[in-house]
Amino acid sequence: MAPMGGWAVDHNDQVFEDRALLRSHTCGELRASHEGQQVTLCGWVDSYRDHGGTIFVDLRDRYGKTQVVFDPDIGDAQLALGRSLRSEDVIKVTGKVSHRPAGTVNPKLDTGEVEIRSTEVTLLNKCLNAPFAPGQQDLPGEDLRLRYRYLDLRRPAMQRTLVTRSRIIKTMRDYFDENNFIDVETPILGRSTPEGARDYLVPSRVNTGNFFALPQSPQLYKQILMIAGYDRYVQVARCFRDEDLRADRQPEFTQLDLEMSFVEMDDIIGMIDGLMVRLAKELLDIDLKTPLPRMTYDEAMERFGHDAPDLRYGMELVDCTDLAAQAEFRVFRGVADSGGRVRAINAKGAANNYSRKDIDLMTEWVQQDFGAKGLAWFKVDADGKLSSPIAKNFSDELLQKFKERMAAEPGDFLLISADTWDVTCRVLNALRRRLAAELKLYDPSDMNFSWVVEFPMFDYDPEEKRWVAMHHPFTAPRPQDLPLLDTDPQAARAVAYDLVINGSEAGGGTIRIHDNQIQQKVFGLLGMDEESAQERFGFLLDALRMGAPPHGGIALGIDRIVMLFAQLESIRDCIAFPKTQRATDLMTGAPGTVERRQLQELGIRIAAENK
RNA sequence: GGGGCCGUAGCUCAAUUGGUUAGAGCACUGGACUGUCGAUCCAGAGGUUGCGGGUUCGAUCCCCGUCGGCCUCGCCA
């Protein structure tokens with residue numbers, strides 16, 4: 001083994017040149033070819049089997065497991081020590097590698113052909129009162145796993161995931177290094193910007209009453225780097241957003257952040273296509289075809305009701321508003337007449353998978369979670385008839401047209417959302433995803449990569465009664481849409497692109513505004529007057545007047561990408577030390593209170609205790 | 001901020017309509033056993049049913065509150 005670096009001093013002030021001398025091999029590397037060698041292994045006791053005379057111990061480290069044998073003839077003291085070993089004790093064992101007797105080879109272990117016949121065992125550290133064992137069959141609750149994260153991280157599954165994560169990041173770094181990118185670090189202590197997510201704030205002691213903000217992303221710094229002439233920047237950047245958590249959201253997360261100068265959208269997308277090809281090949285041995293497919297935002301919303309559609313299965317949304325307008329049924333007519341939409345999905349052959357009770361629960365769900373007023377449905381009977389409580393409200397002719405529109409066949413289950421465009425999108429997207437999962441319409445190990453492009457520049461915020469940037473305020477509109485900024489901002493489309501993997505947004509980027517005038521205009525549309533724009537982003541506006549190249553970039557969510565590549569359900573499972581849904585660290589107890597003196601130094605007083 | 005699920009032995013779970021002493025597997029302790037590998041066999045110990053209150057003759061079970069974990073809507077440029 002390679003020396004682990006430098007001089008190290010142990011508690012007895014003895015100096016070792018090389019700590020690796022403690023062991024000669026790892027627990028995953030011994031094979032029949034090592035037979036006869038004297039070796040020393042260190043590791044954790046994974047399991048033990050005491051046969052009265054002979055004792056077997058499976059020794060584990062992150063490389064694998066090796067069986068250690070304690071024969072009765074090694075001496076009473078050694079045998080007693082061997083007998084006292086329990087799960088998760090840390091030991092050092094010296095002995096000879098020997099081929100296992102015929103019939104006792106264990107094909108489940110890579111090292112299963114051999115075993116160590118222990119001649120000397122040292123207990124390096126006893127494991128006392130562990131609340132759970134990494135090797136136990138049933139996974140403990142997540143709160144325990146987080147509280148005793150060091151036990152959880154010993155589990156081979158967690159170790160594999162963190163290795164995968166490490167390899168993904170290494171592949172990214174290699175790829176961008178080969179493509180002439182330079183890695184530049186940007187500040188963690190920055191300035192709060194009111195747009196976007198809530199900031200994590202850090203009080204300044206030196207400037208009492210002022211606060212730093214942790215970066216939501218290095219957005220402005222990387223644009224400044226472009227203006228500074230570093231035409232290809234990349235960084236594995238930690239980002240922070242103080243918003244509520246989800247299974248795929250953490251308050252601090254890691255982005256592969258990059259920016260390029262003198263580029264158009266295709267250059268960025270092409271660069272990331274290349275990265276995805278490389279990652280898919282190296283990690284999953286999948287050959288991706290490039291260019292990865294693209295669709296516009298408008299198409300994605302129309303066909304799937306979502307800006308990050310899962311393309312591993314069909315069940316696309318079908319518009320039936322025109323048919324609904326002809327119906328007697330008041331609900332449908334009303335929606336059609338008031339500018340709403342009536343859209344449907346066809347769950348092929350699923351009519352018998354859902355009972356009335358199931359559908360009632362589904363209806364409640366879309367009402368509660370997505371603001372639907374209701375959920376209409378039809379089942380196609382064996383004779384081709386559409387059955388549903390609302391069937392009597394439609395003429396046979398109209399039902400026939402609807403069937404044709406939906407390509408409905410006997411056994412199909414049709415779900416219809418009649419509502420505002422927005423609600424039909426949310427409801428049918430949710431139903432489509434849920435039904436596809438329940439009906440197993442796709443292989444969970446399939447990987448699908450695509451791009452969604454041309455997002456709207458703005459969203460209208462009815463509460464604040466103003467436009468908000470759909471991506472961020474530095475996003476460039478398509479050149480042909482520049483006039484729309486004055487006439488119809490809602491229609492303006494951005495040069496924006498999201499990378500979508502299996503229905504998850506894995507990354508997003510834009511070409512940036514590199515013209516001071518356009519930037520000021522966008523700030524204006526977002527409700528920022530000149531003064532406050534100058535106050536918040538004056539440095540950027542200045543920089544945009546001092547030789548700013550056309551530039552753009554993208555940020556990929558590394559945690560999500562690892563989660564998707566490793567087929568995990570939760571982002572917490574690919575982060576070594578994640579936070580709970582309430583953004584706390586169960587191991588360290590963060591966040592915690594601080595001493596009064598610290599607050600005084602910062603000029604901070606806690607306004608009111610809640611209890 | 002809203003909706004939902006969960007909390008019983010160290011761990012994973014069970015406990016009939018609200019009814020006697022709250023059970024099982026794993027782990028743990030003691031014993032037996034020289035080839036196992038999820039070892040096996042025998043015995044044992046282990047409980048404030050998250051916490052507080054209420055209803056009841058009686059609460060793991062029903063109600064209210066609270067704490068914690070998870071899922072989700074809002075939120076996340």
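What you see below is based on every heavy atom in this structure, not just the backbone, and it leaves out hydrogens, waters and symmetry mates. Nothing here was measured: the structure is a model prediction, and the numbers come from that model. In what follows, every chain begins at residue 1, and chains take the letters A, B, ... in the order their sequences are listed.
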Nearest-angstrom distance, P atom, B:rU12 to B:rC75: 36 Å
Salt-bridge criterion met for A:Arg198 and A:Asp242 (N-O under 4.0 Å): no
Touch class at under 4.0 angstrom, heavy-atom based, for A:Asp50 against every strand present: base
Under-3.5 Å donor-acceptor pair between A:Arg100 side chain and B:rU36 base: yes
Salt bridge flag under 4.0 Å for residues A:Arg155 and A:Asp152: yes
Rounded distance in Å between the C1' positions of B:rU21 and B:rU60: 15 Å
Base partner of B:rU34, which must satisfy Watson-Crick or wobble distances under 3.5 Å: none
Phosphate OP1/OP2 of B:rU72: any A:Arg434 side-chain N/O under 4.0 Å: no
Proximal nucleotide (of B:rU36, B:rC71, B:rG3) relative to the A:Gln368 side chain: B:rG3
Distance-only polar pair, side chains of A:Gln223 and A:His551, donor-acceptor under 3.5 Å: yes
Integer-rounded Å distance: B:rA32 P and A:Ile55 CD1: 13 Å
Presence of A:His51 side-chain N/O under 4.0 Å of B:rU36 phosphate oxygens OP1/OP2: no
Whether over 12 other heavy atoms sit under 6.0 Å from A:Glu438 CD: yes
A:Asp529 atom CG: more than 12 heavy-atom contacts under 6.0 Å: yes
Sugar-phosphate only, base, or nothing, as touched by A:Gly53 at under 4.0 Å among non-hydrogen atoms: sugar-phosphate
Pairing partner (Watson-Crick or G-U wobble, both distances under 3.5 angstrom) of B:rC13: B:rG23
Presence of A:Arg582 side-chain N/O under 4.0 Å of B:rG69 phosphate oxygens OP1/OP2: yes
Closest to side chain of A:Asp138, choosing from B:rU12, B:rG2, B:rU29: B:rU12
Separation of the C1' atoms in B:rG52 and B:rC5, to the nearest angstrom: 22 Å
Whole-angstrom distance between B:rC33 and B:rA39, as gauged at atom C1': 11 Å
Shortest side-chain distance from A:Arg246, nucleotide among B:rC73, B:rG69, B:rG35: B:rC73
Mutual orientation of the aromatic rings belonging to A:Tyr148 and A:Tyr150 [parallel < 30°, tilted 30-60°, perpendicular > 60°]: perpendicular
From B:rC26, B:rC11, B:rC37, nucleotide with atom closest to A:Gln137 side chain: B:rC26
Below 4.0 Å: OP1/OP2 of B:rG69 and any side-chain N or O of A:Thr584: yes
Candidate nucleotides B:rG69, B:rG35, B:rC37, ranked by approach to the side chain of A:Pro101 - the nearest: B:rG35
Under-4.0 Å side-chain N/O to phosphate OP1/OP2 contact, A:Tyr48 with B:rC28: yes
N/O (side chain, A:Arg572) to phosphate O (OP1/OP2, B:rG69) under 4.0 Å: no
Pairwise P distance for B:rC13 and B:rC70, with rounding to whole Å: 15 Å
Stacked cation flag A:Arg62 on A:Trp44, 6.0 angstrom / 45 deg: no
Donor-acceptor pair present, A:Asp369 side chain and B:rC73 base, under 3.5 Å: no
Nucleotide nearest A:Arg249 (side chain, heavy atoms from C-beta), chosen from B:rG35, B:rC75, B:rC28: B:rC75
Earlier contact from the 5' end, RNA chain B, for A:Phe474 and A:Leu586: A:Leu586
Mate of B:rU66 where both pairing distances stay under 3.5 Å, Watson-Crick or G-U: B:rG50
Touch class at under 4.0 angstrom, heavy-atom based, for A:Pro140 against every strand present: sugar-phosphate
Check: A:Glu115 side chain, B:rG35 base, donor-acceptor under 3.5 Å: yes
Phosphate OP1/OP2 of B:rA39: any A:Arg49 side-chain N/O under 4.0 Å: yes
A:Thr104 vs A:Phe370, nearer the 5' end of RNA chain B by closest nucleotide: A:Thr104
Pair assignment for B:rU29, Watson-Crick or G-U wobble, requiring both distances under 3.5 Å: B:rA43
Pairwise C1' distance for B:rG47 and B:rG31, with rounding to whole Å: 26 Å
Donor-acceptor pair (no angle test) under 3.5 Å: A:Asp143 side chain, B:rG7 base: no
Parallel, tilted or perpendicular: ring planes of A:Tyr297 versus A:Phe455, cut at 30 and 60 degrees: tilted
B:rG35 base / A:Arg117 side chain donor-acceptor hit below 3.5 Å: yes
Below 4.0 Å: OP1/OP2 of B:rG69 and any side-chain N or O of A:Thr580: yes
